[in-house]
Protein chains: 2
Amino acid sequence: MTTTGPARDTALHADADRPSRREQILQAAAQLFAERGSRAVGVDDVGAAVGVTGPAIYRHFAGKDAMLAEMLLRISERLLAGGRERVAAAGADPAAQLRALIAFQVEFALGNPALITVHDRDLGSLAEADAAQVRRLQRRYVEVWVAVLARLHPAADAAACRVRAHAVFGLINSTPHSAGQLDRAATATLLTGMAEAAARAW
Amino acid sequence: MTTTGPARDTALHADADRPSRREQILQAAAQLFAERGSRAVGVDDVGAAVGVTGPAIYRHFAGKDAMLAEMLLRISERLLAGGRERVAAAGADPAAQLRALIAFQVEFALGNPALITVHDRDLGSLAEADAAQVRRLQRRYVEVWVAVLARLHPAADAAACRVRAHAVFGLINSTPHSAGQLDRAATATLLTGMAEAAARAW
DNA sequence: CCTGGAGGTTAACCATCGTTCACAGGAGTG
DNA sequence: CACTCCTGTGAACGATGGTTAACCTCCAGG
């Protein structure tokens, strides 16, 4: 039923053409976790999705938790790194930086709907140490946005900028909910426009 | 640790002052489900939260699934009914109707953060029959928004309006992520402004 | 009184599922 | 050929947790 071929998220595997078994597992797990929630997905399900039995997973990961942890850590790191890159590449103008951040987030959300879903749904299923690490990365990513928003409007306090950043995330990350309504390009321009309007409304 | 007193969501119990045991359970369950996810919360946990052992739950609900189902159904019904009311009360002007819908959603999200969280996180944990019913209600609520957005901009097609509606939901429902940053009133005006700007950006 | 239902309790049952174990095949490598 | 990782399998183990059973108490109403 689920189209596994072209609908794959792009952010997990570095080797896109011949991904290692390990990457295949992470990929399949992300898809399944997004659809049903990590707790509802069995190790056997993940195995079956890559044509292997459940226990084979343990040749590649310490356990189910370790899979989820690595998944969420990678996403968070990728967002933070990507966000910083884009800001740095956008020059000194805060308005341009904001546009770059929005473009990046839209791109990521449209390219990796499963990861976006898992990212904020299954954080609570992580062991406290991993969860803390993920939250730390998330916080730093938020602060990248807050810094840009604060420079854009020097009068606003940081708390308001944080609320604003989360609101823009929510707006952009709504894509999994409206999947299949429009083609990717149209959705991208629509969300970009809305996000910029929302971020700018003071 | 969790402040159970004043932080209660308001939309679940009709009898606010002396809620029946049944309502207490639903209330506590919503809180716990929001914090940890329905699957991570045991029947014993829910019982303990209202000062009762786990199996006592079965005097009031057919099972854990039934609890979650009733919770999600009530939320969906309340949103749909509330949305329709507000639109009807806002007169014929689509701009006024949109403002009314936004105010309603902001109000609901700020008043019921736990319900908002459970609403889209745990839908997948429902039996298919219940899930279908909830999705039906959600869809009808979305269509209330789509109708208003479509009247506001007759040139736009329904699919784009749907994407737009989901984006505004995502924006407003981000409140659980930015809890504690600002006081409720400030958050409300901020989100309302952003939502209106986003919905209007064409 | 005493009867019956509502609401609780503890103990037990049982399915699910993550994890481990013992073993097997294959691909290099000496 | 032998030796050894690497990756996989099927079976078994153990914990967790939803659910049921048996029993108990309280209290309203005849």
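Heavy-atom basis, side chains included; hydrogens, waters and symmetry copies ignored. Note that this is a predicted model, so its numbers are computed, not measured.
The CZ atom of Phe33(B) sits 13 Å away from the P atom of dG17(D) (whole-angstrom rounding). Going from atom CZ of Arg22(A) over to atom P of dC6(D) covers 14 Å, rounded to whole Å.
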Do any side-chain atoms of residues 90-97 of chain A form donor-acceptor pairs under 3.5 angstrom with protein atoms, and if so which ones, sequence neighbours left out?
residue	atom	partner	partner atom	Å
Asp93(A)	OD1	Ala95(A)	N	3.3
Asp93(A)	OD2	Ala96(A)	N	3.3
Gln97(A)	OE1	Arg151(A)	NH1	3.4
Gln97(A)	NE2	Gly91(A)	O	2.9

Could you list the donor-acceptor pairs under 3.5 angstrom formed between side-chain atoms of residues 188-202 of chain A and any protein atom two or more places apart in sequence or on another chain?
residue	atom	partner	partner atom	Å
Thr189(A)	OG1	Ala185(A)	O	3.4
Thr189(A)	OG1	Ala186(A)	O	3.0
Thr192(A)	OG1	Ala188(A)	O	2.6

With a cut-off of 3.5 Å and sequence neighbours excluded, list every side-chain donor-acceptor pair involving residues 123-132 of chain B.
residue	atom	partner	partner atom	Å
Glu128(B)	OE2	Arg135(B)	NH2	2.6

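Distances shorter than 4.0 Å separate some side-chain N or O of Arg21(A) from OP1 or OP2 on dG8(D).
Counting 5' to 3', DNA chain C first comes under 4.0 angstrom of a heavy atom of chain B and last does so at the ends given by dG7(C) to dA11(C).
The two residues Asp122(B) and Leu68(B) come nearest to each other via the heavy atoms O-CD2, 3.8 Å.
Within residues 41-54 of chain B, the residues having any heavy atom under 4.0 Å from DNA chain C are, by residue number, Val52(B), Thr53(B). Within residues 55-67 of chain B, the residues that have a heavy atom under 4.0 Å from DNA chain D are, in order of number, Pro55(B), Tyr58(B), Arg59(B), Gly63(B), Lys64(B).
Within the structure, no pair that satisfies the ring-ring contact (aromatic ring centres under 6.0 Å, His included) test touches residues 67-92 of chain A, not counting sequence neighbours.
Remark: Arg59(B) engages no residue in a side-chain hydrogen bond (donor to acceptor under 3.5 Å, both in side chains) (not counting sequence neighbours). Scored by the side-chain hydrogen bond (donor to acceptor under 3.5 Å, both in side chains) test, His177(A) finds no partners at all (sequence neighbours excluded). With sequence neighbours left out, Arg136(B) forms a side-chain hydrogen bond (donor to acceptor under 3.5 Å, both in side chains) with Gln133(B). Applying the side-chain hydrogen bond (donor to acceptor under 3.5 Å, both in side chains) criterion to Gln105(B), with sequence neighbours excluded, gives Tyr141(B), Asn173(B).
A distance-only check finds a donor-acceptor pair linking the side chain of Arg121(A) to the backbone of Ala34(A) [under 3.5 Å].
A cation-pi contact links Arg22(B) to Phe61(B), judged by a cut-off of 6.0 Å to the six-membered ring centre and 45° from its axis.
Under 4.0 Å is where a charged nitrogen must lie from a carboxylate oxygen, and between Asp45(A) and Arg36(A) at least one such pair does.
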Legend entry - Glu77(A) vs Arg84(A), salt bridge (charged side-chain N to carboxylate O under 4.0 Å, His left out): CA-CA, chis, key distance, verdict: CA-CA 11 Å; Glu77(A) 283 162 359; Arg84(A) 286 181 166 168; over 6 Å; no
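Five base pairs at each end of the helix from dC1(C)-dG30(D) to dG30(C)-dC1(D) define two local axes, and these are offset by 10° (rounded to 10°).
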